[in-house]
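Worth knowing before you read on, the calculation uses all heavy atoms, side chains too, and leaves out hydrogens, waters and symmetry mates.
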Protein chains: 2
Amino acid sequence: MGNFKIGELAAAAGVGRDTIRYYERMGLLREPARTAAGYRLYDATDLERVNFIRSARELGFTLEQARQLLALRASDTAHAQAVLDITLAKIADAEARLERLSDIRDMLRMLADECPGEVPVSDCPILAFLTARRKDQQHNKKHQAAQDERSPRAKGVLS
Amino acid sequence: MGNFKIGELAAAAGVGRDTIRYYERMGLLREPARTAAGYRLYDATDLERVNFIRSARELGFTLEQARQLLALRASDTAHAQAVLDITLAKIADAEARLERLSDIRDMLRMLADECPGEVPVSDCPILAFLTARRKDQQHNKKHQAAQDERSPRAKGVLS
DNA sequence: CTTGACCCTGGACCATGGTCCAACCGGCAT
DNA sequence: ATGCCGGTTGGACCATGGTCCAGGGTCAAG
């Protein structure tokens with residue numbers, strides 16, 4: 001049955017060869033069969049697996065979550081609730097990001113609206129804001145981080 | 001006039017000592033004066049600068065953009081338009097992210113709504129979707145990336 | 001037989017914004 | 001003089017998801 005080499009798998013899935021090897025290293029793909037020369041040999045189920053991972057990535061799942069989803073899919077005792085839980089966490093995460101980001105956008109928009117380009121920088125309200133804004137530091141602690149820079153120490157937020 | 005050492009500056013700005021040294025290495029802070037023993041000596045303008053950078057970060061600006069904004073602020077020939085341009089680019093970037101992310105959230109929410117937890121994973125519509133969805137790959141090329149994983153090769157989007 | 005396209009491995013490197021480390025020195029109190 | 005806190009340096013390391021490279025081996029075509 002149609003075995004293919006890594007380049008073929010990669011092309012079929014629309015990723016680079018290195019990505020395939022990376023997924024293997026990360027434990028997302030099984031260690032494939034090899035030819036006598038050591039070439040990796042894949043089959044349709046591997047392609048399907050890579051496709052699954054790519055789909056998950058496109059929906060914002062991390063590789064780690066993709067790994068969990070694959071494990072759940074392979075389980076015959078798990079029920080859909082586990083998948084739903086991961087998905088709900090991802091939704092909550094997306095919503096938190098959306099809120100933070102739209103707050104930032106609103107703030108930037110306000111500042112941009114106030115800024116008449118044709119003045120010297122010394123009269124720029126955006127710079128003035130950046131320069132002055134340090135009092136509201138304390139009470140703004142709820143939205144302290146910027147954008148999507150989830151701090152390395154912000155663990156557990158998603159999954 | 002009140003000079004302070006790195007730990008004092010860091011505490012006053014609410015960051016770590018290493019962050020101050022990092023900003024210095026990145027060219028965001030000037031190389032400070034030193035005591036005979038080599039200790040860095042800062043003054044109020046340095047604190048103000050760190051505060052500016054932190055404010056910019058909180059609004060989603062990168063350190064590189066913060067550097068640009070500081071340069072503009074220091075210029076006596078630049079006009080506010082340059083600052084506005086950076087800000088408008090940031091807004092556009094935020095809006096693009098918001099759209100992608102809310103599309104993803106909607107998709108996830110749809111899937112979650114369809115999923116009755118109490119079935120075996122083999123009947124999970126979320127997994128089914130992830131498994132099947134590879135045909136729409138081609139025409140979905142407009143929103144190909146996930147979430148905030150701006151690909152390393154996506155340069156020029158912001159700034 | 002040679003060329004070119006493919007494959008192998010292990011490891012370095014990219015961006016981002018820091019954080020932490022060892023190994024050392026300075027300065028003050030007890 | 002001993003402890004302790006804080007300063008110095010250069011460099012490694014964190015997460016994330018790959019990407020690229022050198023220095024080989026393999027395989028089919030011409």
Worksheet, complete the sentence: When the rotation axes relating C1' atoms of four end pairs to the next four are compared across the helix from C/dC1-D/dG30 to C/dT30-D/dA1, five pairs an end, they differ to 10° by 30°

Discussion item. Both B/Ile53 and B/Thr35 contact DNA chain C. Taking the nearest nucleotide for each, which residue is further toward the 5' end?
Written reply: B/Ile53

Worksheet item: Is B/Arg54 touching bases, backbone alone, or none of the nucleic acid, heavy atoms closer than 4.0 Å?
Response: sugar-phosphate

Residues in salt bridge (charged side-chain N to carboxylate O under 4.0 Å, His left out) with [X], at least two apart?
X: A/Arg73; answer: A/Glu48
X: A/Arg67; answer: A/Glu64
X: B/Glu8; answer: none
X: B/Arg49; answer: none

Let me have the donor-acceptor pairs involving side chains of residues 18-26 of chain B, under 3.5 Å, with sequence neighbours excluded, atom names and distances please.
unit_1: B/Asp18; atom_1: OD1; unit_2: B/Arg21; atom_2: NH2; d: 3.2
unit_1: B/Glu24; atom_1: OE1; unit_2: B/Arg40; atom_2: NE; d: 2.8

Can you measure [X] atom [atom1] to [N] atom [atom2] for me and round it to whole angstrom units?
X: A/Leu28; N: D/dG17; atom1: CG; atom2: C1'; result: 11 Å
X: B/Leu63; N: C/dA15; atom1: CG; atom2: P; result: 14 Å
X: A/Glu31; N: C/dT9; atom1: CD; atom2: C1'; result: 14 Å
X: B/Met26; N: C/dT19; atom1: CE; atom2: P; result: 13 Å
X: B/Glu24; N: D/dG7; atom1: CD; atom2: P; result: 14 Å
X: A/Leu9; N: C/dC8; atom1: CG; atom2: P; result: 11 Å
X: B/Leu29; N: C/dG18; atom1: CG; atom2: P; result: 11 Å
X: A/Glu58; N: D/dG18; atom1: CD; atom2: P; result: 11 Å

Worksheet item: When you check every protein heavy atom under 4.0 Å of nucleotides 1-7 of chain C, what one-letter string (B, S, -) results, 5' to 3'?
Response: -----BS

Discussion item. With a 4.0 Å cutoff (strictly under), does any side-chain N or O of B/Arg57 reach OP1 or OP2 of C/dT16?
Written reply: no

Worksheet item: Side chains of B/Leu47 and B/Phe4: does their closest heavy-atom pair fall under 4.5 Å?
Response: yes

Worksheet item: Excluding sequence neighbours, so at least two apart, what forms side-chain contact (heavy atoms from CB on, under 4.5 Å) with A/Asp123?
Response: A/Val119, A/Pro120

Worksheet, complete the sentence: With sequence neighbours left out, the residues meeting side-chain contact (heavy atoms from CB on, under 4.5 Å) with A/Ala37 are A/Thr35, A/Tyr39

Practice prompt. Take B/Asp113 and B/Arg109, measure what salt bridge (charged side-chain N to carboxylate O under 4.0 Å, His left out) needs, and give me the verdict at the end.
Written response: CA-CA 6 Å; B/Asp113 287 351; B/Arg109 202 135 65 179; 6.0 Å; no

